[in-house]
Amino acid sequence: MSSLSRLRGLFTSNPSFKSKTNILKSTSTNKKPLPEEVDFQNVVNKFKESSESHEFRKKRSIYETTVRRLAKAQKYSMIEEILESQKKYKDMSCEGFVIRLIYLYGISGLVDHAQKLFDEMPQFDCERTVKSFNTLLSAYAYAKNFDKVVEFFREMPSKISIQANEVSYNIVIHAFCEMGSLDLAMSMVDEMEKNGIGPTFVTFGTLLDAFYKNSRYMDGEKIWALMESKNVEPSVRCYSSRLRGMVSDSRISEAVELIDEMRQKGLKPDVFIFNTLIKGFCDDGNMQEAKHWYDELKKHDCSPDKITYMTIVPFLCKEGDLDMAMELCKEAINRRSLADVAVLKCVTDGLHKEGKTEKASELLKLGKSKKYQIDNI
DNA sequence: CTAGGGTTAG
């Protein structure tokens with residue numbers, strides 16, 4: 001077995017690893033170690049050993065999976081051990097490789113290490129372009145150190161003669177939005193244009209999301225119009241933000257019209273779009289439309305996800321359609337898309353109330369077979 | 001080997 005597949009095996013052994021809410025007690029038949037019992041040092045050693053291979057070092061995803069897992073377990077010194085050990089390879093002169101390491105320090109919250117790596121790049125004969133600059137900006141944004149994002153953005157380019165680009169601006173705009181400085185964020189669009197950088201669909205998508213989220217619906221519509229006037233084509237994500245804005249502004253029929261508009265443009269509504277509509281109709285108590293959009297979701301080869309089930313199943317229970325609630329709950333379990341056992345519990349509670357104890361235990365059995373923690377139901 | 005925006009929750 002190659003070292004790569006050995007590592008993969010280590011990481012795919014426990015499916016309940018994927019989500020915090022899904023880390024549930026295993027049954028006695030499960031001999032595999034629990035997440036907290038994983039021998040992380042062994043993982044680190046294997047990783048370092050595998051890193052000797054140039055082929056292994058090309059695999060971006062295994063680096064990310066490993067680091068995310070260690071970060072979740074708060075094994076920060078091990079992350080450091082893995083990432084620092086990469087410095088001995090000649091790949092360090094490739095900006096792409098270093099970007100990956102900066103990014104990994106960023107998602108681990110080790111932003112000082114990310115900064116240090118960026119500072120060290122010249123020592124590795126590695127050219128620093130706007131891309132590594134942006135990666136470091138993102139690392140500060142990820143750590144919610146927004147002041148530093150702005151400071152770094154304002155000061156660094158002149159120091160190391162890097163030109164900020166649209167991506168840099170998008171990161172800073174996002175940071176301003178997160179700080180609640182929406183107008184400042186908006187003013188950055190003018191600054192971009194002054195510097196000859198055209199705002200993109202990501203720029204507008206970021207702004208739209210922030211304005212709608214903060215209930216500034218009118219301003220949101222103005223931004224949409226501005227985007228159109230600049231002939232920037234909105235992405236599905238842009239539509240998703242606007243649709244969410246309309247739904248929370250109780251303009252759900254306008255939101256529905258947006259679906260046709262998207263389709264006319266050849267854009268495919270995705271699960272975020274459908275979930276928003278389903279949620280909107282559930283909140284309105286409109287079971288027929290909620291079901292309709294659940295059907296639409298499936299009709300357009302789009303898969304329901306945890307959010308979908310979490311939204312619609314409790315709603316169906318509340319409205320008394322326990323047959324469909326149970327059907328969807330089974331589906332969620334089988335697809336491993338049950339985000340919370342509370343969803344299952346509301347179905348079994350409903351079934352018990354109707355005296356359908358047999359169906360309730362059938363559902364519980366299914367949940368147990370998929371190793372969901374249901375002892376407390 | 002390379003940087004940026006989105007849903008749920010009592």
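Heavy atoms only: backbone and side chains are in, while hydrogens, waters and symmetry mates are out. Chain identifiers are assigned alphabetically (A, B, ...) following the order of the sequence lines, protein sequences preceding nucleic acid strands; residue numbering begins at 1 within each chain.
Across residues 195-216 of chain A, A:Thr200, A:Phe201, A:Val202, A:Gly205, A:Thr206, A:Asp209, A:Lys213 each have a non-hydrogen atom less than 4.0 Å from an atom of DNA chain B (numbered order).
Between A:Lys230 and A:Glu193, at least one side-chain nitrogen of the basic residue sits less than 4.0 Å from a carboxylate oxygen of the acidic one, meeting the salt-bridge criterion.
Within the 4.0 Å cut-off from OP1 or OP2 of B:dG6, at least one side-chain nitrogen or oxygen of A:His174 is found.
The interatomic distance linking A:Leu104 (CG) with B:dA3 (P) rounds to 11 Å, in whole Å.
Each of B:dA3, B:dG5, B:dC1 was ranked by its minimum atom distance to the side chain of A:Cys238; first place goes to B:dG5. Checked against B:dT2, B:dG6, B:dG5, the side chain of A:Ser235 finds its nearest nucleotide in B:dG5.
Sorted by first and then second residue, the ring pair (Phe, Tyr, Trp, His ring centres under 6.0 Å) pairs involving residues 224-245 of chain A (not counting sequence neighbours) are A:Trp224-A:Tyr239.
Cation-pi geometry between A:Arg60 and A:Tyr103 is satisfied (NZ or CZ under 6.0 Å from the ring centre, within 45° of the ring normal).
Between the side chains of A:Ser241 and A:Arg237, no donor-acceptor pair of N or O atoms lies under 3.5 Å. For the 3.5 Å distance criterion, the side chains of A:Gln41 and A:Asn45 qualify, holding a donor opposite an acceptor. Between the side chains of A:Gln115 and A:Tyr140, a donor-acceptor pair is found at a separation under 3.5 Å. Between the side chains of A:Asp305 and A:Ser337, not a single donor N or O lies within less than 3.5 Å of an accepting N or O.
Scanning atom types as modelled, no donor and acceptor separated by under 3.5 angstrom connect the side chain of A:Arg60 and the base of B:dC1.
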Enumerate the protein-to-nucleotides 8-10 of chain B contacts in which both atoms are nitrogen or oxygen and the separation is below 3.5 Å.
{"from": "B:dA9", "atom 1": "OP1", "to": "A:Lys279", "atom 2": "NZ", "distance (Å)": "3.1"}

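Using the six-membered ring where Trp is involved, A:Phe133 and A:Phe118 have ring planes that are tilted, between 30° and 60° apart.
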